[in-house]
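Following: one structure in structure tokens, then a few remarks.
Residue numbers start at 1 and run along the sequence shown. Just so it is clear, the structure is predicted and the values come from calculations on it, not from any experiment.
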Amino acid sequence: MAGPGGGGCPAGGHDLQWCFSQVKGAVDEDVAEADIISTVEFSYSGDLLATGDKGGRVVIFQREQENKSRPHARGEYNVYSTFQSHEPEFDYLKSLEIEEKINKIRWLPQQNAAHFLLSTNDKTIKLWKISERDKRAEGYNLKDEDGRLRDPFRITALRVPILKPMDLMVEASPRRIFANAHTYHINSISVNSDHETYLSADDLRINLWHLEITDRSFNIVDIKPVNMEELTEVITAAEFHPLQCNVFVYSSSKGTIRLCDMRSSALCDRHSKFFEEPEDPSSRSFFSEIISSISDVKFSHSGRYMMTRDYLSVKVWDLNMESRPVETHQVHEYLRSKLCSLYENDCIFDKFECCWSGSDSAIMTGSYNNFFRMFDRNTRRDVTLEASRENSKPRACLKPRKVCAGGKRRKDEMSVDSLDFNKKILHTAWHPAENVIAVAATNNLYIFQDKVN
């Protein structure tokens, strides 16, 4: 495995050059907390890209159609719809404020002209319908064109309303609200491959919902001990298998992953498979348990593998082998010597996400200093790239970045001590079919694409 500095770049087994495409967001130095992006997700087709932020807003970008005059230039993503998904609330029974921050967004497969997505904050999940209107009805019988009701006694003739064209309007309307099912903070939602159900997970429980039923859910995992003082681990992420509607996994703060089969029992407290890598006793330290906590788990599109992200590494597991991962990729091993200061400034608790390329041949995850890492699973090569406005000329190629862990620093390398830990890339997404990636850096959304196209 190549070192943290990295060589070429992945996808499809050949070296890939990533180019800047777009950046969305304000350039302000003082970023408002509400504007920080908290989740990024491509739709199933990749034509829509949704972001959620700490202010409870969802912004949807739509890919423009390719221009015939520029056949080689792929469509850019432009704002399609913006709406307020969640508002701040207050739980009077527990005297707790409920943040409006969007924790996760998940798209549903498109069935008709409208698009549907699930968004969640700490407590409430909402199903949103995003639809277009380009016609309006005119010629009502009971009201005037300006909307005022007419006097029924003055209506002498019956009119047939007609549809007239109007400027395109994109509407976002909440179709379902799934509330009051989680005592703890929701960290994951995942749509099932049957497209009828989905799961939601908090620190201690996982619930199964039907998309049409809001007033009840089924509790399928409950790890809450009778005595809370005996609590040793919490659920950190959960996801349904992409092909088998009865299988899901959930990860824990102890660095373990449990695969459950809903056919075996209604309450899946007893897992079908248990994935854990034995710890090397020689490398054990005060921070071992914290850095082994899994922050994200994702099935590959094929359903054969799953990927987990802990603080320092990304691991790929074969579902048929529980004893150890088939691949381990070091994300920022040079931070191992800095764990003490990262613990003091709370960075050690940052929850980095990870994602697969559409072909499952490459994986991507974030790091600090607005760096993000890519690993080619075929060639075993890796690269560190930076999301920065300094490289934001259209079609400008991204230069690989290198970090010097210690000793003599080369000219093109960066010292670990000069990394900015306030600039972190926690959320990334990869287009399901093309080499187009979206990277959230604080309040900016960067979109990069491969040079080939």
Side-chain angles (χ1 to χ4, degrees), residues 1-7 10 187 233-234 236-237 251-257 275-298 305-317 324-356 362-377 380-387 400-407 413-428 439 441:
M1 188 67 232
N187 56 47
E233 63 180 333
V234 294
T236 55
S251 58
S252 92
S253 56
K254 275 193 165 176
T256 60
I257 311 104
F275 299 83
E276 182 180 28
E277 185 173 29
E279 190 190 11
D280 179 5
S282 63
S283 63
R284 181 151 183 85
S285 73
F286 171 76
F287 305 108
S288 294
E289 203 163 301
I290 302 171
I291 63 172
S292 66
S293 175
I294 293 171
S295 55
D296 197 17
V297 59
K298 293 269 170 64
Y305 301 97
M306 68 177 172
M307 162 171 58
T308 59
R309 170 73 208 256
D310 56 44
Y311 189 66
L312 294 178
S313 65
V314 173
K315 292 170 183 170
V316 176
W317 302 78
R324 58 189 165 84
V326 289
E327 298 168 29
T328 300
H329 304 281
Q330 300 303 333
V331 178
H332 37 218
E333 184 63 21
Y334 47 78
L335 294 182
R336 194 175 285 276
S337 61
K338 300 280 175 200
L339 292 177
C340 200
S341 54
L342 291 165
Y343 177 75
E344 285 169 7
N345 64 16
D346 280 352
C347 284
I348 201 167
F349 302 107
D350 285 335
K351 292 177 170 52
F352 292 95
E353 294 172 9
C354 50
C355 61
W356 296 86
I363 54 184
M364 171 171 64
T365 190
S367 181
Y368 293 104
N369 207 70
N370 279 1
F371 287 170
F372 58 99
R373 303 275 283 126
M374 286 187 164
F375 304 93
D376 189 324
R377 299 183 58 223
R380 289 289 195 271
R381 294 175 75 163
D382 65 290
V383 70
T384 303
L385 300 170
E386 184 181 8
R401 307 304 303 260
K402 291 182 178 146
V403 178
C404 169
E413 288 183 335
M414 197 173 174
S415 159
V416 181
D417 297 320
S418 58
L419 294 175
D420 188 342
F421 292 104
N422 292 317
K423 292 180 177 175
K424 54 191 86 168
I425 290 176
L426 304 175
H427 315 286
T428 59
V439 172

Is it true that atom CZ of F287 has more than 12 heavy atoms of other residues, nucleotides or ligands lying nearer than 6.0 Å? yes
R324: salt bridge (Lys or Arg N to Asp or Glu O under 4.0 Å) partners, not counting sequence neighbours: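 Partners of R324 under the salt bridge (Lys or Arg N to Asp or Glu O under 4.0 Å) test: none.
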Taking only residues two or more places apart in sequence, or in another chain, which ones meet E276 in a salt bridge (Lys or Arg N to Asp or Glu O under 4.0 Å)?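 E276: no salt bridge (Lys or Arg N to Asp or Glu O under 4.0 Å) contacts found.
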For F352, enumerate each residue passing the ring-ring contact (aromatic ring centres under 6.0 Å, His included) test, keeping only those at least two apart in sequence or located in another chain.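 Residues passing ring-ring contact (aromatic ring centres under 6.0 Å, His included) with F352: H332, Y368.
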ring-ring contact (aromatic ring centres under 6.0 Å, His included) partners of Y305, counting only residues at least two apart: none
Does [Y] offer a backbone N or O that forms a donor-acceptor pair with the side chain of [X] under 3.5 Å?
| X | Y | result |
| --- | --- | --- |
| R309 | D296 | no |
| R336 | L312 | no |
| T256 | S252 | no |

Minimal non-hydrogen separation, [X] against [Y], with atom names:
| X | Y | answer |
| --- | --- | --- |
| C404 | V416 | O-CG2, 3.0 Å |
| V316 | I363 | CG2-CD1, 4.1 Å |
| D310 | I291 | CB-O, 3.3 Å |

Side-chain H-bond candidate by donor/acceptor type, S253 with T236, under 3.5 Å: no
Just to verify, what does E289 make a side chain to side chain contact (heavy atoms under 4.5 Å, CB included) with, not counting sequence neighbours?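 If we apply the side chain to side chain contact (heavy atoms under 4.5 Å, CB included) test to E289, skipping adjacent residues, the hits are R284.
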Can you name the side-chain hydrogen bond (donor to acceptor under 3.5 Å, both in side chains) partners of S337, sequence neighbours left out?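 S337: no side-chain hydrogen bond (donor to acceptor under 3.5 Å, both in side chains) contacts found.
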Run the side chain to side chain contact (heavy atoms under 4.5 Å, CB included) check on R401 and N369 step by step: do they pass? CA-CA 11 Å; R401 307 304 303 260; N369 207 70; over 6 Å; no
